[in-house]
2 protein chains.
Amino acid sequence: MDTTPVPTQTESQERSEVLANILCEEIIRGQLKPGEKLSETAIASRFQVSRGPVREALRRLSERNFVDFIPNVGARVASTSLTDMLHLMEVRESLEALAAKLAAEKMTAAEKSRLEKLYANHLSMFSRERINPYFQSPEDLDFHYTIAKGSGNPVLFKILCEDLYPKLLVCRSQHQYIKGRGAKALEEHKSILAAINEGDSELASIYMIRHLQSARASLENLIEPFI
Amino acid sequence: MDTTPVPTQTESQERSEVLANILCEEIIRGQLKPGEKLSETAIASRFQVSRGPVREALRRLSERNFVDFIPNVGARVASTSLTDMLHLMEVRESLEALAAKLAAEKMTAAEKSRLEKLYANHLSMFSRERINPYFQSPEDLDFHYTIAKGSGNPVLFKILCEDLYPKLLVCRSQHQYIKGRGAKALEEHKSILAAINEGDSELASIYMIRHLQSARASLENLIEPFI
DNA sequence: CATGAAAAAATTGTAGACAATATGGATACG
DNA sequence: CGTATCCATATTGTCTACAATTTTTTCATG
């Protein structure tokens, strides 16, 4: 077991929150494998803290469904199946359609230009290095993240950016054979961007749905063979 | 302060979970007022437990956004504005449209008959006692709950039934002047039910959207005057 | 009387110890 | 050889005590 340095106690954050964030990050990165036992004492000694903060962190992660928790037994890294991911994508589709619609209606000029700049960056990145995994890469999520923010609906934003996206990242790290869709996704972003810029909420919503349906379709192709 | 009896330690549930449920319930029922301080020591002595389980319970509730939490200061009952509720309803609309669509496609015969029975019960209840607040009453939520379940998508179910509905109940208890829509809502349920029974996913989705839009509209009328 | 600083009280954060429960292995038995 | 039971071990659940921080009170000063 590696002895990780003591978590930097940033300002007035409590240890349990810092711990939760670190563990969450490690689950997303796949450093903690699905099903892996999260022993309280082990984590406590690893971070040089007592078990109290560790327990609180684990409860938090359990509430967010990053760990499965069984009373008197303990916590394990939640394992997410491809079927789970499909369900996530199904919900995501509906919510992002709403986000795109609202964004087209409500985004300020500043927000729109930020989104445009984002797209331009991705575009140039892609043309430089062709083999860019443009599917739930940080860049791709940035785009969707900005639209979610631009919806002006904090409930929507929270569900998408704090629940679904992280969960999707976990899925991705647990099934590394999910590949990006490259140029095609970039094209789709372009259409969405244009619709939002013109304030065409209906089109923005439709393009977003198509965009995510493509992603879901390639996921379904992945699952079919195993049925 | 009343001295509530010790929480019944049901089977193998840990105290912190029992506590979280009780507190959550009290927030929903409005017994704990928005903004009210949730002192760890006070809660601990009220339930005759130590502060450990109380802290864990509060962390859980904070993760679910039922309490606002400030490090080194403490937890307070989250207060939900009518604007918050509007955002909730906006998201709910999208998700329930999806739920209705999926339910129409996937509900089993047994589930359908259960839904029908539910509706019949509400109908007879309403005809007996006219002044039935049929808006987020337990009966109304039963209907929507069953459809969410019938969608066959656990992610969707969780967001609706464990996040949004409870939050809406909190809103309702914090703004008690939100009235039901009686007979009209019942009619709308009838249309949704029929579409689902016929497996017409498109219609089910549309009827559900209209149903919730009506509810949202009456909410918006409530807010407008205060702008 | 208002204002601000400093001390006192109260509350939260963490650590360590003990109790309750589950896990794993050894042994006895069919 | 497989199965069941019991015990030793390890892990989780909870409590008490103490440290750190915030809030309140007090009191001096302009």
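Each chain gets a letter, A, B and so on, in the order the sequences are listed, and its residues count up from 1.
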Which residues share a side chain to side chain donor-acceptor pair (under 3.5 Å) with B/Thr41, sequence neighbours left out:
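Expected list: B/Ser39.
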Using a 4.5 Å cut-off on heavy atoms from C-beta on, say whether the side chain of B/Asp68 contacts that of B/Val77.
no
Each nucleotide in nucleotides 5-10 of chain D should get exactly one letter: B, S or -. Can you fill that in based on protein heavy atoms under 4.0 Å?
------
Table please: side-chain donor-acceptor pairs of residues 145-152 of chain B below 3.5 Å, with sequence neighbours left out.
residue	atom	partner	partner atom	Å
B/Thr146	OG1	B/Asp142	O	2.8
B/Ser151	OG	B/Ala148	O	2.7
B/Ser151	OG	B/Asn153	N	3.1

Can A/Arg76 and A/Glu36 be counted as an ion pair, charged N to O under 4.0 angstrom?
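Salt bridge absent between A/Arg76 and A/Glu36.
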Under a 4.0 Å N-O cut-off, is there an ion pair linking B/Glu56 with A/Arg51?
no
Provide the full list of ring pair (Phe, Tyr, Trp, His ring centres under 6.0 Å) pairs with a residue in residues 13-33 of chain B, sequence neighbours left out, each pair given once.
none
Stepwise side-chain hydrogen bond (donor to acceptor under 3.5 Å, both in side chains) check, A/His122 with A/His189:
CA-CA 10 Å; A/His122 300 175; A/His189 277 196; 4.9 Å; no
Would you kindly give the CD-to-C1' distance between B/Glu56 and D/dT12, to the nearest whole Å?
10 Å
Among all residues two or more places apart in sequence or in another chain, which pass the salt bridge (Lys or Arg N to Asp or Glu O under 4.0 Å) test with B/Glu25?
B/Arg29
With the criterion being N/O to N/O and under 3.5 Å, what pairs connect the protein with nucleotides 10-13 of chain C, and how long is each?
residue	atom	partner	partner atom	Å
C/dT12	OP1	B/Lys37	NZ	3.2
C/dT12	OP2	B/Glu40	N	3.3
C/dG13	OP1	A/Glu14	OE1	3.4
C/dG13	OP1	B/Asn72	N	3.0
C/dG13	OP2	B/Arg55	NH1	2.5
C/dG13	OP2	B/Arg55	NH2	3.3
C/dG13	OP2	B/Arg59	NH2	3.0
C/dG13	N7	B/Arg51	NH2	2.8
C/dG13	O6	B/Arg51	NH1	3.1

